[in-house]
2 protein chains.
Amino acid sequence: MTSAHRSSWQDIRDTLQGRVLDRTYRPGDKLPRDEDIAEELGCARSTVQRAMQDLADAGVVERKRKGGTHVRPDPVTRAVLDIPITRVEVEAKGAVYGYQLVHQAREMTPLSVAASFGLSAPEEMLHVEALHLADQRAYVFEDRWVNLESCAEIEAVDLTRDSANEWLVRNKPYSRCDVRLYAVNADDRIAERMEAMPGAALLVIERTTWLGDVPITTVRSVTRPNYQLLTQKA
Amino acid sequence: MTSAHRSSWQDIRDTLQGRVLDRTYRPGDKLPRDEDIAEELGCARSTVQRAMQDLADAGVVERKRKGGTHVRPDPVTRAVLDIPITRVEVEAKGAVYGYQLVHQAREMTPLSVAASFGLSAPEEMLHVEALHLADQRAYVFEDRWVNLESCAEIEAVDLTRDSANEWLVRNKPYSRCDVRLYAVNADDRIAERMEAMPGAALLVIERTTWLGDVPITTVRSVTRPNYQLLTQKA
DNA sequence: TAGTGGTCTAGACCACTAA
DNA sequence: TAGTGGTCTAGACCACTAA
């Protein structure tokens, strides 16, 4: 008790989560109705609802109309990753950001790229390869395809100065983004660019974005050796 | 217009997000006050508040008291990963789950493990290595350390039958979980276990959990070749 | 079909912070 | 210190779904 405030929804959430943690409510157990909890804890039902919504979002409980609220029997670890613009990420580490355009051309998409967009046939798109640097050293190698039907304006942009990453983020908001994470062995070309040993294990972050049903861009970001992706908090 | 319902907070959110997408509100722009938006769109202020909360959670806008609501100038890609129990993950793919205990012993933690927990000195913990299988083939190799001060009961569990993963999830809820993702080259030992080529690039998922300030477990899950981690949706 | 969660409203008061 | 977002309340009605 730090004060005489009314209970906030966060107090209610903490109380309920505490009961899950100390096993008053066990995995699979049914919790009382929101209304009963509200009465017990002396707050409005909508305050309990707000707290429960948060616990449900966090994967702690599951709620169903008429079925009630249950402690999740198979808890999942829910990790939230924030992937910023590469420049911002580098600067946040206190390093000097650098950028080099490696390749830019209209090309037919390989099948893998068409597949990321859910297209059945290859299409001509803008293919851009670029290297992001932190303190003069390779940080991320970006292999990107941009849909010219939705982003025709990008052909007028000088990509030797501004990265496609930056331009797209500022000019092409998206409504959907799929992310895919995996590991690859550096081939000779990547190894040279990334100052890595050939065969080194590198983390790849692949992102594909759409506005509505219209593809915008897909990008394969190969990170430097020993790169790690961290989550915020639970 | 599909019906004559009152506007829901999701309608309001979609309307506002639409204005961000079509650049009525541009990156950095200030939006009207909640109250004015409520009046314009014909709903209660709390409905706008609910919609705005969702947009702020999604990283679309930033809100500050007195400062108002602004479209985020540096949008981040926010990815949500659900990491289930390995058995559940394998079964969800329609494969048959299998499990083998490889090693179990009390040992002093290496420095890297002590560091994960924020400990300054090594401590004796339970070290468990196990292999998870999907359709008889290696799926995830799990290298785990369990804090015996918080999880003494685990020494009474027959880990040749039930995986530590499963037992902990069901018996040791946590309040904090750090996740770390990176790539490694398979060493000879891992390569043999994972049926991979030595040097193959493998994705590693490292998780460390606490209850309050008390460490529970840290686990390094080395995934099989070509494993991919996907997000839900944006 | 009855019970439970989901949402909306109007009004009040509070908490933070830009000016 | 005034303006804006954050939250609570009480009551109403709705939407889903287990029984």
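Labels below follow one simple rule: chain letters A, B, ... track the order of the sequence lines, proteins then strands, and each chain is numbered from 1.
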Take atom [atom1] of [X] and atom [atom2] of [N], then tell me their distance rounded to the nearest Å.
| X | N | atom1 | atom2 | value |
| --- | --- | --- | --- | --- |
| B/E39 | C/dT9 | CD | C1' | 15 Å |
| B/K64 | D/dG6 | NZ | P | 12 Å |
| B/E62 | C/dC16 | CD | C1' | 16 Å |
| B/D54 | C/dT7 | CG | C1' | 14 Å |
| B/R33 | D/dG6 | CZ | P | 14 Å |
| B/W9 | C/dG6 | CH2 | P | 11 Å |
| B/K66 | C/dA19 | NZ | C1' | 6 Å |
| A/E35 | D/dA12 | CD | P | 13 Å |

Counting only side-chain nitrogens and oxygens, does [X] get under 4.0 Å of the OP1 or OP2 atom of [N]?
| X | N | result |
| --- | --- | --- |
| A/T69 | C/dG5 | yes |
| A/R65 | D/dT17 | no |
| A/Q10 | D/dG6 | no |
| B/Q49 | D/dG6 | yes |
| A/S46 | C/dT7 | no |

Sugar-phosphate, base or nothing in reach of B/R45, heavy atoms under 4.0 Å: base
Sort out the partner of C/dT17 for me: Watson-Crick or G-U wobble, both distances under 3.5 Å, none otherwise.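 Check on C/dT17: paired to D/dA2, both distances under 3.5 Å.
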Partner nucleotide, any strand, of C/dT9 [Watson-Crick/G-U, under 3.5 Å]: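 Partner of C/dT9: D/dA10.
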Walk me through whether B/L181 and A/L81 qualify under side-chain contact (heavy atoms from CB on, under 4.5 Å). CA-CA 10 Å; B/L181 304 167; A/L81 301 172; 4.1 Å; yes
When you measure from the side chain of A/C43, which nucleotide among C/dA19, D/dT9, C/dT7 comes out closest? D/dT9
Of D/dT4, C/dT7, D/dA18, the nucleotide closest to the side chain of B/S8 is C/dT7
Quick check: closest heavy atoms across A/R23 and B/P173, and the distance to 0.1 Å?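 Heavy atoms only, the tightest pair is NE-CD, 4.1 Å.
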When you match B/A44 and A/M52 each to their closest nucleotide on DNA chain C, which lands nearer the 5' end? A/M52
Working note: B/L203 + A/L203, criterion side-chain contact (heavy atoms from CB on, under 4.5 Å); need CA distance, chi angles, decisive distance, verdict. CA-CA 7 Å; B/L203 179 68; A/L203 179 68; 3.5 Å; yes
Residues B/D36, B/R33: salt bridge by 4.0 Å N-O rule: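 Yes, B/D36 and B/R33 are salt-bridged.
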Neighbour count >12 (heavy atoms, 6.0 Å) for atom CD, A/E155: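 Atom CD in A/E155 is packed in, count exceeds 12.
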